[in-house]
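Have a look at the structure below, then the notes.
Just so we're clear, the structure is a prediction, and the values are computed from it rather than from any experiment. First the proteins, then the strands, lettered A, B, ... as listed; each starts at 1. When reading the values below, keep in mind they use all heavy atoms of this one structure, side chains included, and skip hydrogens, waters and symmetry mates.
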Amino acid sequence: MFDFTTIARDLTTHARAGEFTTPHGTLLTPVFAPVGTQSTVKTLTPRDLREVGASLVLSNTYHLYLRPGTERIRNFGGLHAWMGWERPMLTDSGGFQVFSLAQMRKLDADGVTFRSHIDGSLHRFTPESAVQSQENIGADIIMCLDECAEPLDRRYNEEALGRTHAWAARCLNAKRRPDQALFGIVQGGIFNDLRVHSARTLSAMDFPGYAIGGLSVGETKEQMYQTLDHTIPELPPHRPRYLMGVGAPEDIVEGVARGIDIFDCVLPTRVARNGGLLTRQGRLNMRSARYAEDPLPVEVGCDCYTCQNFSRAYLRHLFKAEEILGLHLATLHNIRFMMRLMSDIRAAILAGAYDQFRSEFLAYYQVPDQAVRHAQLESRKQKKQQ
RNA sequence: GUGGCCAUAGCUCAAUAGGCAGAGCAUCUGGUUGUGGCCCAGAAGGCUGUGGGUUCAAGCCCCACUGGCCACC
């Protein structure tokens, strides 16, 4: 169980195609996992997910711990039975919430105390409890409790890294179930020496897979890519590599070129709920007036249910009218887009032509303006802290 | 018919004592990376119902008109 086999390796990049076996099926890598934080990929049924070709879904320990509680999920036969998804699943440990809910938690050497965003109550997470919760939930792949730090803050990353490593060892030690793979998580912000140190420290612990965390959380794309360039060579080649929280289509294409096997990201589902529809040309904003009379499908040539049956004009209407169906149709398309992207990526690797695929993809895919993006993320972050 | 109140952005409303006419929603354009369908950034939008008057200066004060609401015949 949890064998990872490399089937093909690209000649000019570090891209690789592989197979990763889990108790609920074999993952063909590179693979993208849609995010179902609260044991549901928002607006989609498991049947929808199967139909668009999803093979792996991510859920979140912190959110499920708060509601409905991990023991309830265990009592219902585990996460697969609970949510009606029979294929592989992955749970994040709650480490990301150390970052995303930074105003609502207190850290110490032993663990982290969260104040619930639901009712304000206090909840203690330790490496041992995070593993216990994930054993209750029962995903195929589970994650160490880590500390996702501000990527540009060197001092903070140095300090946090010690905790992340100590916690990784404690998670490994606390783990009991043999039918779950526990992944270690490399941290270290954008600092190459910290990343190398982290990758080596965790590699020595011999995890069945390795994640790279702490990226796509405020640094630039260039900083993320160069961090990957320095981190991935330090990870054991015979284990799957998982880039957490990434990402945008262009970041996945770049991540694969650097040797990443597994991705997860809320982006396709979240932007879908705000009218952002993914195509090979880039993102279409379906709220825009320019689609009011547009009879074309979201993406010409797409085989998804949305594109096969509805016009851009109809989708725009659903968004303007705030109809629930718009969220569903947009999410369905975006996940199908991601699945087609991943299978095209895999096919290119198997054909030994990934470098060409990458340059063609990037030539056509229009990436959002990064200056605008960063300016807006900053103002959003500042508002949040007030 | 008489009296009173009201009229400001597409909508609902602000504007100290007469001193550069604003907000929310709607509209338009962006953004969202281990998720709160949340949220964030920006833009456009005004002869202040009409016509006169007072004043250096009027959304604000005065007169008439038009339209609406209320009360009383």
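Against RNA chain B, the stretch residues 23-38 of chain A makes heavy-atom approaches under 4.0 Å through A:Val35, A:Thr37. RNA chain B lies under 4.0 Å from at least one heavy atom of each of the following residues of residues 227-246 of chain A: A:Met244, A:Gly245, A:Val246. Near-neighbour residues of RNA chain B inside residues 176-210 of chain A, defined by a heavy atom below 4.0 Å, number-ordered: A:Ile185, A:Gln187. Within residues 257-265 of chain A, the residues having any heavy atom under 4.0 Å from RNA chain B are, by residue number, A:Asp264, A:Cys265.
For A:Phe96 and B:rG36, the CZ to C1' distance is 13 Å, given to the nearest whole Å. Protein atom CZ of A:Arg373 is 8 Å distant from nucleotide atom C1' of B:rU32, rounded to whole Å. For the pair A:Ile252 CD1 and B:rU33 C1', the interatomic distance rounds to 9 Å; values are reported in whole Å. Remark: C1' of B:rG34 and CZ of A:Phe114 are 12 Å apart, rounded to the nearest angstrom. Protein atom CG of A:Leu101 is 13 Å distant from nucleotide atom P of B:rG34, rounded to whole Å. Whole-Å rounding puts the A:Leu284 CG to B:rG31 C1' distance at 15 Å. Across the protein-nucleic acid pair, A:Lys42 atom NZ and B:rG37 atom P stand 5 Å apart, rounded to whole Å. Rounding to whole angstrom units, CG of residue A:Leu145 and P of B:rG34 are separated by 18 Å.
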When you look at A:Glu254 and A:Met224, which way does the side-chain contact (heavy atoms from CB on, under 4.5 Å) test go after all the steps? CA-CA 10 Å; A:Glu254 292 289 4; A:Met224 176 166 78; over 6 Å; no
Check step by step if side-chain contact (heavy atoms from CB on, under 4.5 Å) holds for A:Asn274 and A:Phe319. CA-CA 8 Å; A:Asn274 290 290; A:Phe319 274 101; 6.0 Å; no
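Distances were taken from every side-chain heavy atom of A:Pro368 (C-beta onward) to each of B:rG31, B:rG34, B:rU33; the shortest belongs to B:rG31. Closest to the side chain of A:His63, out of B:rU35, B:rG36, B:rU33, is B:rG36. Looking at the side chain of A:Leu327, the nearest of the listed nucleotides B:rG36, B:rG37, B:rC39 is B:rG37. Of the candidate nucleotides B:rU33, B:rG34, B:rG30, B:rG34 has the atom nearest to the side chain of A:Asp146.
Apart from A:Val271 itself, the hydrophobic cluster it occupies contains A:Leu267, where clustering links Ile, Leu, Val, Met, Phe, Trp and Tyr at side-chain heavy-atom distances under 4.5 Å. The hydrophobic cluster containing A:Val266, built from Ile/Leu/Val/Met/Phe/Trp/Tyr side-chain heavy atoms closer than 4.5 Å, also comprises A:Met1, A:Phe2, A:Phe4, A:Phe20, A:Leu27, A:Val31, A:Val35, A:Leu56, A:Leu58, A:Leu90, A:Ile141, A:Met143, A:Phe183, A:Ile185, A:Tyr242, A:Met244, A:Ile262.
Between B:rU35 and B:rC39, the two C1' atoms lie 12 Å apart (nearest whole Å). Annotation: B:rG22 and B:rA44 have their P atoms spaced 13 Å apart (nearest Å). Separating the P atom of B:rC63 from that of B:rG4 is a span of 11 Å, rounded to the nearest Å. Comparing the same atom, C1', in B:rA21 and in B:rA57 gives a spacing of 15 Å after rounding to whole Å. B:rG46 and B:rU50 are spaced 14 Å apart, taking the P atom of each and rounding to whole Å. Separating the P atom of B:rG34 from that of B:rG30 is a span of 23 Å, rounded to the nearest Å.
Checked against side-chain hydrogen bond (donor to acceptor under 3.5 Å, both in side chains), A:Asp3 has no partners two or more places apart in sequence or in another chain. Residues satisfying the ring-ring contact (aromatic ring centres under 6.0 Å, His included) criterion with A:His374, sequence neighbours excluded, are absent altogether. Evaluation of the side-chain hydrogen bond (donor to acceptor under 3.5 Å, both in side chains) rule for A:Arg16 yields A:Asp261 as partners, not counting sequence neighbours.
Under the 3.5 Å distance criterion, the side-chain polar atoms of A:Asn334 are matched with a main-chain donor or acceptor of A:Pro268.
No hydrogens or angles considered: a donor-acceptor pair under 3.5 Å links the side chains of A:Glu147 and A:Tyr156. Side-chain contact, A:Asn136 with A:Ser133: no donor N or O sits under 3.5 Å from an acceptor N or O. Side-chain N/O atoms of A:Asp251 and A:Tyr225 include a donor and acceptor closer than 3.5 Å. Using modelled atom types, one finds no donor on one side chain facing an acceptor on the other under 3.5 Å when comparing A:Ser288 with A:Asn285.
Evaluation of the salt bridge (charged side-chain N to carboxylate O under 4.0 Å, His left out) test over residues 54-80 of chain A, restricted to residues two or more places apart or in two chains, returns none.
If you check every strand for non-hydrogen atoms under 4.0 Å, A:Gly94 touches nothing. Counting any heavy atom pair closer than 4.0 Å across all strands shown, A:Asn60 reaches sugar-phosphate atoms only and no base atom.
Closest heavy-atom contact between A:Arg280 and A:Phe361: CD-CE1, 3.6 Å. Between A:Val41 and A:Val57, the shortest heavy-atom contact is CG2-CG1, 3.8 Å.
Under the salt bridge (charged side-chain N to carboxylate O under 4.0 Å, His left out) test applied with A:Glu128, the options A:Arg176, A:Lys175, A:Arg170 reduce to a single match, A:Arg170.
With contacts defined as side-chain heavy-atom distances shorter than 4.5 Å, the pair A:Ser203/A:Leu235 qualifies. A:Glu219 is not listed as a side-chain neighbour of A:Thr227, based on a closest heavy-atom distance of 4.5 Å or more.
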Please list, for nucleotides 27-29 of chain B, all pairs of protein and nucleotide N/O atoms separated by less than 3.5 Å.
residue	atom	partner	partner atom	Å
B:rC28	OP1	A:Arg316	NH1	3.3
B:rC28	OP1	A:Arg316	NH2	3.2
B:rC28	OP2	A:Lys320	NZ	2.2
B:rU29	OP1	A:Ser288	OG	2.5
B:rU29	OP1	A:Ala289	N	2.9
B:rU29	OP2	A:Ala289	N	3.2

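For the pair A:Gln97 and B:rU35, the criterion of a side-chain N or O lying under 4.0 Å from OP1 or OP2 is met.
With rounding to the nearest 0.5 Å, the separation of NE2 in A:His230 from CG in A:Leu194 is 12.5 Å. The CG atom of A:Leu215 lies 10.0 Å from the CD atom of A:Gln223; values are rounded to the nearest 0.5 Å.
Evaluation of atom-type donor-acceptor distances gives a pair under 3.5 Å for the side chain of A:Arg273 against the base of B:rU35.
Salt bridge present: A:Arg340 and A:Glu299 bring a charged side-chain N and a carboxylate O closer than 4.0 Å.
RNA chain B is contacted by both A:Ile324 and A:Met224; A:Met224 maps to the nucleotide lying nearer its 5′ end (nearest heavy atom per residue).
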For RNA chain B, the dot-bracket pattern of Watson-Crick and G-U pairs whose distances stay under 3.5 Å, | for other-strand partners: (((((((..((((.....[..)))).(((((.......))))).....(((((..]....)))))))))))).
